[in-house]
Asks: 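The structure follows.
Every chain is numbered from 1, with letters handed out A, B, ... down the list of sequences. Note that these values count all heavy atoms, side chains included, but never hydrogens, waters or copies made by symmetry. Just so you know, these numbers come straight off a predicted model, no measurement behind them.
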There are 2 protein chains.
Amino acid sequence: MTEKPAPDAPRETMHERVYRELRGRLIGGRVVPGRPVTLRGLAGELGVSPMPVREAVNRLVAERALTMTPNRRISVPEMTHARFEELVTARERLEPAAARRALPYLRRSDVNRLRKIDDALEEQLKTGNVEGYVAANHAFHFGIYGAAPSDVLVPVIESLWMQSGPFMRLVYGRVGTSWLVDYHEQAMDAVLARDADALAEAIRSDILDGMRHIGNSVFEEGEQSSKRAGTR
Amino acid sequence: MTEKPAPDAPRETMHERVYRELRGRLIGGRVVPGRPVTLRGLAGELGVSPMPVREAVNRLVAERALTMTPNRRISVPEMTHARFEELVTARERLEPAAARRALPYLRRSDVNRLRKIDDALEEQLKTGNVEGYVAANHAFHFGIYGAAPSDVLVPVIESLWMQSGPFMRLVYGRVGTSWLVDYHEQAMDAVLARDADALAEAIRSDILDGMRHIGNSVFEEGEQSSKRAGTR
DNA sequence: CTTTCGTAAATGTGATCACGCTTCAAAGGG
DNA sequence: CCCTTTGAAGCGTGATCACATTTACGAAAG
């Protein structure tokens with residue numbers, strides 16, 4: 001699953017491995033927002049020298065998946081209402097477009113694969129396995145977006161997921177996952193029907209419903225879909 | 001103008017300065033796609049040790065503004081038709097949203113500032129100063145988007161501009177800028193009218209018209225080959 | 001018991017070096 | 001004259017160290 005043939009990759013560098021490990025932790029929410037991260041600490045934990053960790057962390061800071069405090073200390077960024085709204089907006093704008101782009105590349109076999117992922121997802125929801133649900137949800141979405149080769153959209157969307165991951169996981173752990181509803185069925189139906197508009201709309205609804213619900217459950221339920229009139 | 005008060009920034013690190021310098025070159029198109037970039041070369045050119053350059057370049061590779069060849073060599077990425085389409089899509093989806101978000105923060109004084117930028121832009125167009133035009137266009141767009149504090153949308157959009165910059169500059173230098181039409185007037189009018197829909201539409205048209213025209217002038221129309229184009 | 005202060009540990013940053021690999025060009029053989 | 005070989009130079013990567021700054025912790029004073 002995590003295998004990467006990469007026909008023209010001479011070798012995997014250590015900072016790449018560290019980067020992938022940290023990215024997985026962020027998307028899976030296996031890190032706590034606000035917790036400090038240190039180069040030497042991670043180096044010892046991962047069994048490498050501080051140098052590759054430094055490069056990987058630097059990348060993640062560049063992608064806003066980690067943040068650097070004014071005192072030059074690295075930590076998992078804490079979520080704010082404004083940042084959450086921005087993430088919802090960016091995801092809602094980009095992911096339907098990525099799905100649209102991927103549609104011509106999605107075959108029936110891909111849909112079968114998606115269905116197996118979605119079945120596993122439902123299973124994780126039943127057993128309340130937050131970790132497994134998050135992983136399955138990620139696999140489902142990127143199983144769609146990644147069907148088309150992408151040098152821009154998919155990397156940006158991955159960055160958005162890294163930024164949302166720790167917070168989402170935190171909220172799931174707090175309010176549970178049983179209330180979750182998704183539009184994965186609609187998305188798969190749309191793929192089979194080769195209906196780009198329906199696919200885009202399914203993805204859009206999936207994002208907006210899920211994240212809006214989360215946002216409202218955590219941040220004060222003041223303004224929802226109203227025109228934002230200065231959140232400051 | 002370029003002064004950064006930054007009330008809580010203890011000091012500017014060297015790799016930050018290097019990063020800003022390189023980002024400026026990329027957005028301004030003062031680098032040539034396909035040209036190799038070396039750590040030691042840049043270090044010597046900028047008068048610093050290879051270490052800060054290494055961190056800055058690593059960030060830019062993470063943001064897809066620079067690319068790493070399979071042989072672990074760094075270079076300015078070459079544009080392909082597929083990548084260009086992705087960049088257009090991402091910009092067209094995100095920038096109107098960023099403008100919408102910024103509208104409540106835009107005051108009449110900001111519009112006056114934008115108008116001065118746009119006047120300078122027209123002047124650069126008249127004199128055929130490609131470099132100045134690109135800088136003014138950047139200042140105009142981010143003068144809008146940056147009005148609202150943003151931790152997600154604006155950084156992502158900057159990354160998109162870094163990825164487009166070298167190619168755009170190359171095309172401008174080849175086909176000229178006199179044919180350019182923009183929707184800056186419509187955007188400023190929309191801001192004054194507090195019309196979010198009109199503002200978003202002006203930004204959207206500005207992006208689509210400009211970039212579509214460029215794309216069609218460089219890539220063969222109706223072409224689906226992903227053969228690289230536009231560099232020499 | 002609370003507050004203040006000073007010392008020690010820990011942090012990110014930058015410099016320098018060694019290593020494996022690639023690239024390029026000149027020398028050698030066809 | 002063209003192709004192959006071979007050597008040196010240059011590349012990114014990782015390790016280790018020194019340094020300035022910040023945090024943490026404990027002791028002393030109130």
Side-chain angles (χ1 to χ4, degrees), chain A residues 4-23 25-26 31-78, chain B residues 4 6-23 25-26 31-78 231:
Chain A
K4 278 247 178 175
D8 52 354
R11 206 181 72 241
E12 190 186 36
T13 59
M14 308 195 72
H15 77 257
E16 257 174 88
R17 183 159 46 245
V18 173
Y19 172 78
R20 207 183 323 275
E21 166 65 24
L22 296 181
R23 185 176 68 177
R25 292 189 189 186
L26 286 162
V31 290
V32 182
R35 169 164 306 187
V37 169
T38 66
L39 299 185
R40 292 169 176 89
L42 274 180
E45 180 180 347
L46 300 177
V48 298
S49 95
M51 203 61 195
V53 177
R54 199 167 146 184
E55 305 219 330
V57 164
N58 223 277
R59 271 185 73 165
L60 291 168
V61 170
E63 297 172 312
R64 307 262 161 180
L66 293 178
T67 187
M68 180 160 282
T69 74
N71 321 323
R72 305 217 171 291
R73 216 127 268 183
I74 301 153
S75 67
V76 182
E78 306 215 35
Chain B
K4 279 245 177 174
D8 52 356
R11 205 180 72 241
E12 190 185 36
T13 58
M14 308 195 73
H15 77 257
E16 260 174 87
R17 184 160 45 247
V18 173
Y19 171 78
R20 210 185 319 276
E21 166 65 24
L22 295 181
R23 184 175 68 176
R25 291 190 188 184
L26 286 162
V31 291
V32 183
R35 170 164 306 186
V37 169
T38 66
L39 298 184
R40 292 169 175 88
L42 274 180
E45 179 181 347
L46 300 176
V48 298
S49 95
M51 202 61 197
V53 178
R54 198 167 146 183
E55 305 220 329
V57 164
N58 224 276
R59 272 186 72 165
L60 292 167
V61 170
E63 297 171 312
R64 309 261 161 181
L66 293 177
T67 184
M68 179 158 284
T69 74
N71 323 321
R72 304 215 171 291
R73 218 128 261 173
I74 301 153
S75 68
V76 183
E78 307 212 33
T231 63

Asks: Whole angstrom is fine here: how far is it from CZ in B:Arg17 over to P in C:dG14?
Replies: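 After rounding, the gap between these two atoms is 9 Å.
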Asks: Measure the distance from CG on A:Asn58 to P on D:dT13 and round it to the nearest whole Å.
Replies: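 Atom-to-atom, A:Asn58 to D:dT13, this comes out as 13 Å.
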Asks: Could you pull out the closest heavy-atom pair between A:Ser75 and A:Pro36, with the gap in Å?
Replies: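 Of all heavy-atom pairs spanning A:Ser75 and A:Pro36, the closest is CB-CA, 3.9 Å.
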Asks: Between A:Gly41 and B:Val48, who's closer to the 5' end of DNA chain C by nearest nucleotide?
Replies: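 The residue whose closest nucleotide sits nearer the 5' end is A:Gly41.
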Asks: Toward the 5' end of DNA chain D, which comes first, B:Ile74 or A:Arg40, by nearest nucleotide?
Replies: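 Here B:Ile74 is the residue nearer the 5' end.
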Asks: Starting at atom CD of A:Glu12, determine the distance to atom P of D:dG14, rounded to an integer number of angstrom.
Replies: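 Rounded to whole Å, this separation is 10 Å.
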Asks: Could you tell me which non-hydrogen atom of A:Leu66 sits nearest to which non-hydrogen atom of A:Leu26, and how far apart they are?
Replies: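 Scanning both residues, the minimum pair turns out to be CD2-CD2, 4.2 Å.
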Asks: B:Glu55 CD to D:dG14 P: how many Å, rounded?
Replies: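 The answer, rounded to whole Å, is 13 Å.
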Asks: Please tell me if A:Thr13 has a side-chain N or O lying less than 4.0 Å from either OP1 or OP2 of D:dT13.
Replies: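 No, outside the criterion.
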Asks: Ignoring hydrogens and angles, does a donor from either the side chain of A:Arg54 or the base of D:dG14 sit under 3.5 Å from an acceptor on the other?
Replies: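 Donor-acceptor pair under 3.5 Å: no.
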Asks: When you match B:Leu39 and A:Arg73 each to their closest nucleotide on DNA chain D, which lands nearer the 5' end?
Replies: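 In this pair, the answer is B:Leu39.
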Asks: Taking the minimum atom-to-atom distance to the side chain of A:Pro50, which one of D:dC11, D:dT16, C:dT13 wins?
Replies: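 Closest nucleotide among those given: D:dT16.
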Asks: Could you check how far CZ of A:Arg72 sits from C1' of D:dC19, rounded to whole Å?
Replies: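 From A:Arg72 CZ to D:dC19 C1': 15 Å.
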Asks: Looking at B:Asn71, I'd like to know whether one of its side-chain N or O atoms comes within less than 4.0 Å of OP1 or OP2 on C:dT23.
Replies: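 Looking at the OP1 and OP2 atoms of C:dT23, one of them is under 4.0 Å from a side-chain N or O of B:Asn71.
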Asks: In whole angstrom, give the distance that lies between atom CE of A:Met51 and atom P of D:dG12.
Replies: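 After rounding, the reported distance stands at 13 Å.
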Asks: Should B:Glu21 and B:Arg25 count as an ion pair when the cut-off is N to O under 4.0 Å?
Replies: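 Judged by the 4.0 Å cut-off on N to carboxylate O distance, B:Glu21 and B:Arg25 do form a salt bridge.
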Asks: Hey, are the side chains of B:Asn58 and A:Asn58 touching, using non-hydrogen atoms and a 4.5 Å cut-off?
Replies: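 They are not in side-chain contact.
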Asks: With heavy atoms under 4.0 Å as the rule, sort A:Val37 into base, sugar-phosphate or nothing.
Replies: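 Counting heavy atoms under 4.0 Å across all strands, the contact made by A:Val37 is with sugar-phosphate only.
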Asks: How far does CZ of B:Arg23 sit from CZ of B:Arg59, to the nearest 0.5 angstrom?
Replies: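 Spacing of CZ (B:Arg23) from CZ (B:Arg59) equals 8.0 Å.
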Asks: Without decimals, in angstroms, what is the distance between B:His15 NE2 and C:dT13 P?
Replies: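 For the pair B:His15 NE2 and C:dT13 P, the rounded distance is 5 Å.
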